[in-house]
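Input: a single structure, listed below in structure tokens.
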Amino acid sequence: MRFKNKVRWALLLSLVLLVTMVVGCGNKQDSEEVIKLGFLGAKTGDVANYGIPGEKGMKMAIDELNAQGGILGKKVEGIYEDNKGDSKEINLIAQKYITRDKVVAMVGDPCTGLTKVAADIAQKNQVVIFSAGATGAGVVEIGNYVFRNTMLDTVAVPVVVDWMLKDKHWKKAAIITSIDNGYSTALTPIFKEELKKQGATIVLEDTIKDKETDFSAQITKLKGANADVLVFTGYYTEAALIMKEAQKQGLNISLIGGDGLYGQDLAKLGGDAVEEKVILYCGFSTDQPSPETAKFLENYRKKYNEEPDMFSAQYYDAVMILAQAMEATGSSDPKVFKDELAKVKNYPGVSGQTSFRADREPIKSPVFLLTIKDGAFALVDKIPVKTE
Amino acid sequence: MFLEQLLNGITLGSTYALIALGYTMVYGIIQLINFAHGEVYMIGAFVGLFLVAMGANIFLALLGAMLFCMLLGMTIERVAYRPLRGKSSRLSALISAIGVSIFLSTLMALLAQTNTRSYPEVISNRTFNLGSLELSVLQISILAVAAILMIGLQLMIQHTRLGKAMRASSQDLDASYLMGINVNRIISATFAIGSALAAAGGVMVGVYYHAVWPYMGMMAGLKAFAAAILGGIGSIPGAMVGGITLGVLEIMGVAYISPSYKDAIAFGILIIVLLIRPQGLFGKKIVKKV
């Protein structure tokens with residue numbers, strides 16, 4: 001009996017192996033017929049607020065491309081793994097996309113640190129990576145396969161500071177940095193330099209840490225500093241809690257920051273403490289849309305029954321720009337179409353116009369200033385950026 | 001400004017104190033550092049949030065969270081600690097505690113996802129001036145609830161039969177058993193009371209700082225544990241004073257030195273106190289009898 005069982009097991013096992021081999025071969029043939037794109041982003045965890053809409057935007061772009069016959073007559077296939085906002089996970093996922101799935105390009109990640117991890121791998125393997133959100137320094141410097149489609153802080157901050165001084169007459173600024181947040185520690189010096197350059201005074205510099213919840217001491221200090229505006233360079237969770245604390249202590253001040261504040265949780269956590277008080281700059285708004293954006297909005301609402309945000313728009317544009325470069329060169333080989341990608345000028349995307357400078361850094365126009373109104377993001381101002 | 005910072009510190013400290021009480025009470029009786037205690041606090045915050053979202057009054061939500069965590073604390077003790085008691089070393093119970101802690105925080109992350117949630121405004125934010133001091137209704141409510149709970153606990157320990165039995169058990173578990181005290185029931189009650197206080201702390205932090213998430217128990221537990229040691233572990237007044245001291249030290253560190261060193265300052269002072277008084281501020285010196 002026992003022996004018979006063993007034979008049966010062995011037979012079953014070899015059958016399974018055989019089937020997987022056949023299926024495996026089938027997959028390989030498929031990969032020449034389809035063009036694969038890998039999604040980089042978090043679907044769970046702290047930065048899932050960036051990744052989830054990104055995935056939706058990317059899926060929509062791929063569906064639209066396929067409805068029009070794909071790229072170069074080939075079907076486009078997206079692969080969507082969840083990197084949980086973790087640098088170890090994104091490392092494994094990028095390797096998997098390149099070696100197993102044989103993607104021609106990866107779209108994402110929305111975070112700078114994670115993008116760098118994946119970009120190192122992409123550059124080594126000569127696969128294009130197109131981040132839809134990384135704003136920090138040292139990303140495209142990794143190599144000529146690395147691109148990003150997002151509003152850079154070094155491009156936006158001068159425009160924003162100009163607006164703060166000329167439109168709002170906020171001359172005295174306090175700055176709070178989240179010292180264990182790479183995005184924040186990189187953005188603070190850009191703001192400081194620009195504020196000084198344009199003649200504002202910095203009356204208080206303070207720090208917090210991500211995931212802390214008690215900001216009472218910082219706000220009490222801020223109350224004594226007599227600032228016109230608070231510049232906060234961190235993420236939306238802490239921004240909401242800072243404003244809650246300010247409200248609690250009876251301090252009426254506006255908070256201004258970058259697109260790290262762009263998360264739906266800002267309004268959910270902040271409630272009326274952030275209403276028309278928090279102002280952030282970013283590359284996307286659903287108010288006063290361009291014709292391209294209007295069409296995107298309509299389709300997105302129809303498909304998902306919700307509002308798109310900056311990340312869905314930037315992922316969407318990234319896929320479309322990749323498709324355009326592949327069509328123009330007639331090749332889906334990253335070695336070929338990457339050069340065409342670098343030449344994109346004034347691409348009329350749904351997240352504003354995109355151009356690449358000689359150093360492959362994107363210039364996006366216009367800069368949108370948003371605030372929270374009735375629990376949702378609303379446009380304050382729309383400032384065009386000069387492209388060289 | 002100094003007075004306001006002091007008040008900020010006392011408010012923060014009173015939440016540490018509520019959690020520290022649970023550590024110190026359990027340690028006092030069975031010499032176990034209950035590392036799952038921070039997670040009980042976290043679950044208390046979530047239960048409160050759930051009840052408030054269902055439309056319950058905040059005080060009802062507070063009671064509900066305390067009741068739920070009472071049962072949770074007793075269950076943890078029954079499932080994870082009692083089977084090990086007496087049969088294996090104290091170290092096994094400690095490892096079991098760490099296991100429960102990881103289990104509870106991951107379970108909550110699965111159930112509620114990991115993003116931060118916020119309590120709606122349940123107590124008015126209205127502020128008023130008392131001399132140069134600016135007070136809010138919220139701050140006063142938090143301090144009042146903490147004070148009522150701590151005074152209640154002190155009265156219970158000093159003046160009830162249960163309190164007497166608890167004090168006896170903490171002096172000598174075996175002797176209390178021989179005197180006819182149902183020691184298992186006393187331990188169970190200790191876990192229940194400690195957990196209820198932690199739950200109250202969780203709800204208060206949720207209402208006051210507006211932030212609730214599945215891993216919040218980790219750091220808060222660590223801070224409260226430090227507060228319990230600072231006050232002298234096993235001593236109930238020690239946990240109260242230790243918690244408030246730690247809160248004030250932290251806030252003063254942020255206000256006058258640097259926020260970057262917030263935790264370093266608090267824990268640095270903890271080390272200094274322990275070097276000078278190893279038994280903590282209120283701890284009794286243990287004389288080893290030969």
- Non-hydrogen atoms of chain B under 4.5 Å away: do they reach the side chain of A:Leu269, the backbone, both or neither? both
- Going by heavy atoms in the side chains, are A:Ile242 and A:Leu230 under 4.5 Å from each other? yes
- Message: Using heavy-atom distances under 4.5 Å, tell me whether A:Glu212 contacts chain B through its side chain, its backbone, both, or neither.
- Response: side chain
- Proximity breakdown for B:Leu138 and chain A, heavy-atom pairs closer than 4.5 Å: side chain
- Message: Given A:Leu255, which partner from the list A:Val231, A:Ile279, A:Leu261, A:Val274 fulfils the side-chain contact (heavy atoms from CB on, under 4.5 Å) test?
- Response: A:Leu261
- So which of A:Asp214, A:Ile179, A:Thr213, A:Thr207 has the largest heavy-atom pair count under 4.5 angstrom toward chain B? A:Asp214
- Message: Need one label for B:Tyr215: side chain, backbone, both or neither, based on atoms under 4.5 Å from any heavy atom in chain A.
- Response: neither
- Relative to chain A, which segment of B:Ser136 carries a heavy atom at a distance below 4.5 Å: side chain, backbone, both, or neither? side chain
- Query: Checking side-chain contact (heavy atoms from CB on, under 4.5 Å) against A:Lys171, which of A:Asp228, A:Leu195, A:Val229 comes through?
  - Reply: A:Asp228
- Message: Any side-chain to backbone donor/acceptor pair from B:Tyr119 onto B:Leu49? Under 3.5 Å, distance only.
- Response: yes
- Query: Side chain, backbone, both or neither: which part of A:Lys248 has an atom under 4.5 Å from a heavy atom of chain B?
  - Reply: both
- Query: Counting heavy atoms not belonging to A:Lys373, are there more than 12 under 6.0 Å from its NZ?
  - Reply: no
- Part of A:Lys211 within contact of chain B (heavy atom distance under 4.5 Å): both
- Please look at A:Asp272 and chain B and tell me whether the side chain, the backbone, both or neither of the residue comes under 4.5 angstrom of a heavy atom of that chain. side chain
- Query: What residue in B:Gly253, B:Ala255, B:Ala211 has the most heavy-atom pairs under 4.5 Å with chain A?
  - Reply: B:Ala255
- State whether A:Arg301 and A:Glu306 are salt-bridged, where the test is any N-O pair (Lys NZ or Arg NE/NH1/NH2 against Asp/Glu carboxylate O) under 4.0 Å. no
- Check whether any side-chain heavy atom of A:Lys56 sits under 4.5 Å from a side-chain heavy atom of A:Ile52, and report yes or no. yes
- Query: Quick one: is the NZ or CZ of A:Lys59 closer than 6.0 Å to the six-membered ring centre of A:Tyr80, and within 45° of its axis?
  - Reply: yes
- When the 4.5 angstrom heavy-atom criterion is applied to A:Lys209 and chain B, the contacting part is side chain
